[in-house]
Amino acid sequence: MDEQRVEAHVVVTGRVQGVCFRDFTQRAALGEAVCGWVRNLPDRNVEALLQGNPVAVARVIQQMRVGPPAARVTDIRVDMRPAEVPHDKFEIRY
């Protein structure tokens, strides 16, 4: 994987399901040319895997800290790590 590509595993807590958070994250990622995925978790949190340029990934994470208008983010955990599997698109997982 390219040295300029990083991976972030992100878990967002708060009122983040039922408020279009996954769509919001996908739009943010596509706008920054970030690949990976986003999904709802059974515990009502949202999980995402972001891969791309370090600055672009940081921008997406910053947008996720706020979320869409109906969301209320109370916490966001970010784990930067080596990419295990390269992604070439961004998808919403169900």
Side-chain angles (χ1 to χ4, degrees):
M1 181 156 288
D2 186 285
E3 276 186 39
Q4 293 300 315
R5 194 169 170 93
V6 299
E7 178 173 293
H9 177 251
V10 182
V11 177
V12 185
T13 59
R15 190 172 76 197
V16 292
Q17 288 192 21
V19 295
C20 297
F21 204 96
R22 291 174 300 170
D23 290 333
F24 173 88
T25 301
Q26 183 180 46
R27 283 192 306 276
L30 294 174
E32 295 290 343
V34 168
C35 298
W37 50 263
V38 64
R39 67 180 174 186
N40 286 340
L41 293 174
D43 63 4
R44 311 284 300 156
N45 295 330
V46 169
E47 176 184 36
L49 184 86
L50 310 172
Q51 289 181 348
N53 173 283
V55 173
V57 169
R59 286 182 183 146
V60 175
I61 292 168
Q62 188 58 39
Q63 291 181 60
M64 292 175 75
R65 289 183 190 284
V66 178
R72 295 293 175 265
V73 176
T74 58
D75 189 36
I76 184 167
R77 294 186 310 278
V78 179
D79 177 29
M80 301 301 290
R81 62 189 189 191
E84 295 176 12
V85 177
H87 294 271
D88 61 357
K89 62 181 179 177
F90 195 91
E91 64 183 354
I92 295 174
R93 291 190 174 173
Y94 297 94

Original post:
Do Arg5 and Cys35 touch side chain to side chain, with heavy atoms closer than 4.5 Å?
Top reply: yes

Subject >> For Leu30, side chain to side chain contact (heavy atoms under 4.5 Å, CB included) partners two or more places apart >> reply: Gln26, Phe90

Original post:
Who passes side chain to side chain contact (heavy atoms under 4.5 Å, CB included) against Glu91, sequence neighbours left out?
Top reply: Trp37, Lys89, Arg93

Subject >> Side-chain hydrophobic cluster, 4.5 Å single linkage: members besides Val55 >> reply: none

Original post:
If every non-hydrogen atom of Val38 is compared with every non-hydrogen atom of Arg22, which pair is closest and at what distance?
Top reply: CG1-O, 3.7 Å

Subject >> Pairs flagged by salt bridge (Lys or Arg N to Asp or Glu O under 4.0 Å) wherever residues 27-45 is involved - sequence neighbours left out >> reply: Glu32-Arg59, Arg39-Glu47

Original post:
Ala29 and Val60: which non-hydrogen atoms are nearest, and at how many Å?
Top reply: CA-CG2, 3.8 Å

Subject >> Which residues share a salt bridge (charged side-chain N to carboxylate O under 4.0 Å, His left out) with Arg72, sequence neighbours left out >> reply: none

**OP:** Look at the side-chain heavy atoms of Ile, Leu, Val, Met, Phe, Trp and Tyr, link any pair under 4.5 Å apart, and say whether Ile92 and Phe24 land in one connected group.
**Re:** no

Original post:
Transitively linked via ILVMFWY side-chain contacts under 4.5 Å: Leu49 with Val10?
Top reply: no

Original post:
Nearest heavy-atom pair of Val78 and Ala8: which atoms, and what distance?
Top reply: CG1-CB, 4.2 Å

**OP:** Report yes or no: does Arg65 contribute a side-chain atom to a donor-acceptor pair with the main-chain N or O of Val73 at less than 3.5 Å?
**Re:** no

**OP:** Please name the pair of heavy atoms, one in Pro68 and one in Val19, separated by the smallest distance, quoted to 0.1 Å.
**Re:** CG-O, 3.2 Å

**OP:** Could you state whether Val66 and Val12 fall into the same hydrophobic cluster, counting links through intermediate Ile, Leu, Val, Met, Phe, Trp or Tyr residues with side-chain heavy atoms under 4.5 angstrom apart?
**Re:** no

Original post:
Who passes side chain to side chain contact (heavy atoms under 4.5 Å, CB included) against Asp75, sequence neighbours left out?
Top reply: Thr13, Arg77

Subject >> Heavy-atom check, side chain of Phe21 versus side chain of Met64, under 4.5 Å >> reply: yes

Original post:
Is the backbone N or O of Leu41 less than 3.5 Å from a side-chain atom of Gln17, with the two atoms forming a donor-acceptor pair by type?
Top reply: yes

Original post:
What closest approach, in Å, do Gly36 and His87 show between heavy atoms, and which atom pair accounts for it?
Top reply: N-CB, 3.8 Å

Subject >> Nearest heavy atoms of Gln51 and Val57, plus distance in Å >> reply: C-CG2, 3.9 Å

